[in-house]
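This report refers to the structure that appears directly beneath it.
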Amino acid sequence: MNTHESFNVRDYNWSGKKILVVEDDLPSFIYLKALLGMTGVETFHVQTGAEAISYCQENDVDLILMDIQLPGISGYEATKEIKVFKPDLPVIAQTAFAIIGEKEKSIEAGCDDYITKPINKVKLIQMLETFLGK
Ligand code: MN
């Protein structure tokens, strides 16, 4: 059986879990919210790295999907800051291009994993499963 064809996002139930999406591009956020919403997960949205840091100081989430190219400080810098006070909070970097060295920069910043845009939904959901269960 083709594993891609058998994939169904509705097989995942992340009700009660919270994901913070840090994304300055609104259509990208809307896509992620619609996709992730099928799992029952609650999504929260901020548009800058600075907002992400203050959001995490005041709120608990289970995971962050962090865009790297953001206005102001980058997603890498925001991740470094957040990891100072929430070292165990999983952060997945989303980068626009498969630039050589981006994966290394993500790991160096403290990101737990890394996915390239445009985001492949099967890859994203399976990556999230390693942090959130199924
Ligand atoms: Mn961006």
Side-chain angles (χ1 to χ4, degrees):
M1 189 193 292
N2 183 310
T3 52
H4 186 86
E5 281 174 24
S6 67
F7 177 84
N8 187 341
V9 68
R10 292 186 191 278
D11 291 342
Y12 294 79
N13 182 356
W14 293 328
S15 302
K17 304 275 188 191
K18 297 175 180 179
I19 294 180
L20 177 64
V21 179
V22 186
E23 177 56 79
D24 61 318
D25 178 58
L26 196 56
S28 297
F29 170 70
I30 290 168
Y31 169 77
L32 287 171
K33 185 180 168 71
L35 172 65
L36 296 172
M38 288 185 236
T39 72
V41 78
E42 207 173 348
T43 52
F44 300 87
H45 182 213
V46 295
Q47 299 189 56
T48 69
E51 287 172 310
I53 294 164
S54 51
Y55 189 91
C56 290
Q57 284 168 335
E58 293 159 17
N59 304 276
D60 283 321
V61 292
D62 296 289
L63 185 141
I64 300 177
L65 263 181
M66 179 72 79
D67 183 29
I68 294 307
Q69 293 177 302
L70 294 166
I73 68 167
S74 73
Y76 292 134
E77 292 170 89
T79 299
K80 280 183 193 164
E81 290 287 325
I82 291 166
K83 287 285 184 172
V84 170
F85 58 91
K86 287 197 173 161
D88 299 326
L89 174 57
V91 178
I92 295 176
Q94 1 164 18
T95 63
F97 313 103
I99 302 169
I100 292 173
E102 252 355 55
K103 181 169 187 164
E104 289 69 23
K105 279 168 78 178
S106 302
I107 302 304
E108 189 185 297
C111 296
D112 297 88
D113 215 332
Y114 145 96
I115 191 165
T116 53
K117 291 178 172 181
I119 286 177
N120 175 287
K121 74 173 181 181
V122 177
K123 192 175 176 193
L124 176 65
I125 296 294
Q126 290 177 343
M127 187 179 282
L128 293 177
E129 182 184 352
T130 66
F131 299 100
L132 302 176
K134 186 166 181 177

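Side-chain atoms are counted along with the backbone in the values below, which use heavy atoms only and exclude waters and symmetry mates. As the structure lists them, so they are numbered: ligands from 1, and atoms in each ligand from 1. By convention here, the first residue in the shown sequence is residue 1.
- Coordination check, D67 versus the Mn ion (ligand 1): passed, since an N/O/S atom of the residue sits under 2.8 Å.
- The residues E102 and K105 are annotated as salt-bridged, a charged nitrogen and a carboxylate oxygen being separated by less than 4.0 angstrom.
- Y12 and E129 share a side-chain donor-acceptor pair at under 3.5 Å.
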K134 and D11: CA distance, side-chain angles, deciding distance, side chain to side chain contact (heavy atoms under 4.5 Å, CB included) verdict: CA-CA 8 Å; K134 186 166 181 177; D11 291 342; 4.2 Å; yes

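- At a cut-off of 2.8 Å, D24 is counted among the residues with an N, O or S atom near the Mn ion (ligand 1).
- Here S28 fails the criterion, with no N, O or S atom under 2.8 Å of the Mn ion (ligand 1).
- Under the 3.5 Å distance criterion, with hydrogens and angles disregarded, no donor-acceptor pair is assigned to the side chains of S54 and Q57.
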